[in-house]
Number of protein chains: 2
Amino acid sequence: MSKIDNILAILWMLNSGEKITAKQISEKLEMNIRTVYRYIDTLSTSGVPIISDTGHNGGYTLLNNFIEAPLFFDFEEQTSLFHAAVFAEEAGYYGGEALNRAISKLSKYSNQEQEAKINQHFNSLEVIRRFNSLSIAGFLNELELSVADGYSVKIHYDKSGEQQLKFRLVDPYRIIYWNNKWYVIGFCHLRNEIRSFRVDRIESLMPTENKFEQPENFSASDFFKKNLLPTIEDKEEITPLIINGGYRALEDICQHWFLGHYLQERSSDQAIFLLEKGILHTYIPYLLLPYGKSIQVIEPISLKKRLVEVLSDLINFHQK
Amino acid sequence: MSKIDNILAILWMLNSGEKITAKQISEKLEMNIRTVYRYIDTLSTSGVPIISDTGHNGGYTLLNNFIEAPLFFDFEEQTSLFHAAVFAEEAGYYGGEALNRAISKLSKYSNQEQEAKINQHFNSLEVIRRFNSLSIAGFLNELELSVADGYSVKIHYDKSGEQQLKFRLVDPYRIIYWNNKWYVIGFCHLRNEIRSFRVDRIESLMPTENKFEQPENFSASDFFKKNLLPTIEDKEEITPLIINGGYRALEDICQHWFLGHYLQERSSDQAIFLLEKGILHTYIPYLLLPYGKSIQVIEPISLKKRLVEVLSDLINFHQK
DNA sequence: AACTTCCCTGACGGTAGCTGTCAGGGAAGT
DNA sequence: ACTTCCCTGACAGCTACCGTCAGGGAAGTT
């Protein structure tokens, strides 16, 4: 960060109205504390009415909150904000309206030279959208409000694609975006436990006036990863899955959205995953099929057999 | 007078709204005119939208907007910018440093009331990262510069995972982000045509001093979609692929990263795609395998046969 | 077309200024 | 007495800044 940026940052901090110590400033801005003293001195000398208190409960305040410190971004910063907006759009971010307003404001505050430079660099990158389900931004907006303000929602969730008329009351804790899909995680009163719901499978959603308490230090990330696939009911023993293959195929499989979580070890032609036996025989065969002959299961033998079973089954099915 | 003092003094002079010349500034602040030019450049580079006119009646002014209404974002706009940064990070965006700087400025700029609100809404959403290959930000940064400034790069590209010692000179037109992968599209001098390269498969990359002309109105998106898979050499006739299945499976397959492009028509239990025959028999079988028995090929019959062939082949392979 | 007023930039040599470290001092609160 | 706070001077290293010089182009006037 340049000196100007840091000086302005100090002004913004002081302008917040709260007393702040030199140590806090030095930590926030990652500068040496001696430099903080110097900058404060510089600002004071320049006429900024800074009040400094020594001793306990000491720190700096402004005489009044009237300093107008301008906000500006250099072309790299602006370009990156514009690009970030593009990634958010690609993901189907629900706050697109506010984001467009922000971007629009930003784009009005450059002169022609700056604008040309920003465009040049902005156009270096193109983000191509993938296919998404029908717009779920409406539901996401509702959910966001409910999460932020702590209100339960009543949803009609349809997991299997078949009509069901049961509503659920859900305390939404967090919205999740993962692997090109939107989820809401929350406490489901119907099931009396924390559940995740794919937003594109919500048929209807109604806000309620039921207030709930958000749990402290809830990590949606942890919960989510633990519940990636339908839970196998009984605790089963962990077993290694050993796969041989070419460099590229292994690279792909080690970064697989599901299998990647269970990677234990790999070399240039072998990867070892640790999985529960139940998962191994129910889901893994289908996950491996698209790799064709570019990978080979070395262990467990039972999975090789299971694979052949699945394949035979499919042959019968497709010969009908 | 310290530099900061003079820089801020210039900023206030410009903020008066009147046009002012470099000479006037140098006299008022008793500085050399070369230094004035430097300070103006510093401010401009930092993002202050200064308008400069040469010749008679020349001088500096600030963009009108900036005078009347300094840049200000409300909490929704700020939250959305913060979220956008999170999506960019998830994608492995190369401009993360500049983006962090921008976000850092924004977060320091908001007052405490705004900050609490922003945090509340910011924490409503969690973006979970998928697995990515080793950091390619270095290459992406180099590529971005080469794209923006129009310089060729020399790359060593490794598509098959085997060692090859042939370099290519490439005129990079655009960086592409699609389906969680980064590509560069450009004119390949080795192949004498436009090609796309997956950035994580670039083994080495060197900037050159060879300047090239960016083509006008180049849509990387169009090119990219047309070259999604290895090109089938001869023009083959288009044929329909008819698939039956349950609602959910069909929903998934119609949004498939590849097949989605060829969707012609669908109903609640059937989808029709139009594809070239060659693609149909070489790639489609593998793309359909993960769907197991949840979908069924209705037409063409030749594909059903091909599917059975592929499955038999795989059985032999996995029984070794 | 020539001239003048303006913004602009690169290169150079010299040195001013900036930074972090170290040492020391005083005010305020427990 | 101790701790937490603001504060300052001095130093070495080195980076960035400054004024000077030279040159270029845009815009307006005569």
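It should be emphasised that the depicted structure is a prediction, and the values quoted were computed from it without experimental measurement. So that the names make sense, note that chain A is the first sequence line, chain B the second, and so on, each numbered from 1.
- Rounded to whole angstrom, the span from the CD1 atom of B:I7 across to the C1' atom of D:dC18 amounts to 13 Å.
- A donor atom on one side chain and an acceptor atom on the other are not found under 3.5 Å apart for A:D74 and B:S46.
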Listed pairs, N/O of protein and of nucleotides 5-8 of chain D, under 3.5 Å:
residue, atom, partner, partner atom, Å
D:dC5, O4', A:G55, O, 3.3
D:dC5, O2, A:G55, N, 3.0
D:dC6, OP1, A:A22, N, 2.7
D:dC7, OP1, A:S52, OG, 2.5
D:dC7, OP2, A:Y60, OH, 2.3

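- Comparing the helix axis at one end of the helix from C:dA1-D:dT30 to C:dT30-D:dA1 with that at the other, each defined from 5 consecutive pairs, gives an inter-axis angle of 50° (nearest 10°).
- Taking the ring centroids of A:Y177 and B:F87, they lie under the 6.0 Å cut-off.
- No hydrogens or angles were tested; on distance alone, a donor-acceptor pair under 3.5 Å links the side chain of B:R38 to the base of D:dG19.
- Rounded to a whole Å, the CD1 atom of B:I51 is 16 Å from the C1' atom of D:dA26.
- Atom CD of B:E30 is separated from atom C1' of D:dC18 by 16 Å (rounded to the nearest Å).
- Taking atom CG of residue B:N6 and atom C1' of nucleotide D:dG19, one finds them 15 Å apart after rounding to whole Å.
- Within the 4.5 Å cutoff, the side chain of B:T35 has no heavy atoms near those of the B:Y37 side chain.
- In this structure a side-chain-to-backbone donor-acceptor pair under 3.5 Å is missing from A:S44 to A:D41.
- Comparing A:E113 and A:Y39 by the nucleotide of DNA chain C whose heavy atom lies nearest to each, the residue mapping closer to the 5' end is A:E113.
- Atom pair B:I4:CD1 and D:dC17:C1' shows a separation of 13 Å (rounding to whole Å applied).
- Two residues are said to be in side-chain contact when any heavy atoms from C-beta on lie closer than 4.5 Å; A:R38 and A:R34 meet this criterion.
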> salt bridge (charged side-chain N to carboxylate O under 4.0 Å, His left out) between A:K19 and A:D53: does it pass, once the steps are laid out?
Replying inline: CA-CA 9 Å; A:K19 187 172 289 193; A:D53 300 317; 2.8 Å; yes
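- For B:D149 (side chain) and B:Y151 (main-chain N/O), no donor-acceptor pair under 3.5 Å exists by modelled atom type.
- Within the 4.0 Å cut-off from OP1 or OP2 of C:dC18, at least one side-chain nitrogen or oxygen of A:K3 is found.
- Side chain of B:H156 to main chain of B:R168: no donor-acceptor pair is present (N/O by atom type, distance under 3.5 Å, no hydrogens or angles).
- The pair B:R129-B:E90 fails the salt-bridge criterion, with no side-chain N (NZ, NE, NH1 or NH2) lying under 4.0 Å from an Asp/Glu carboxylate O.
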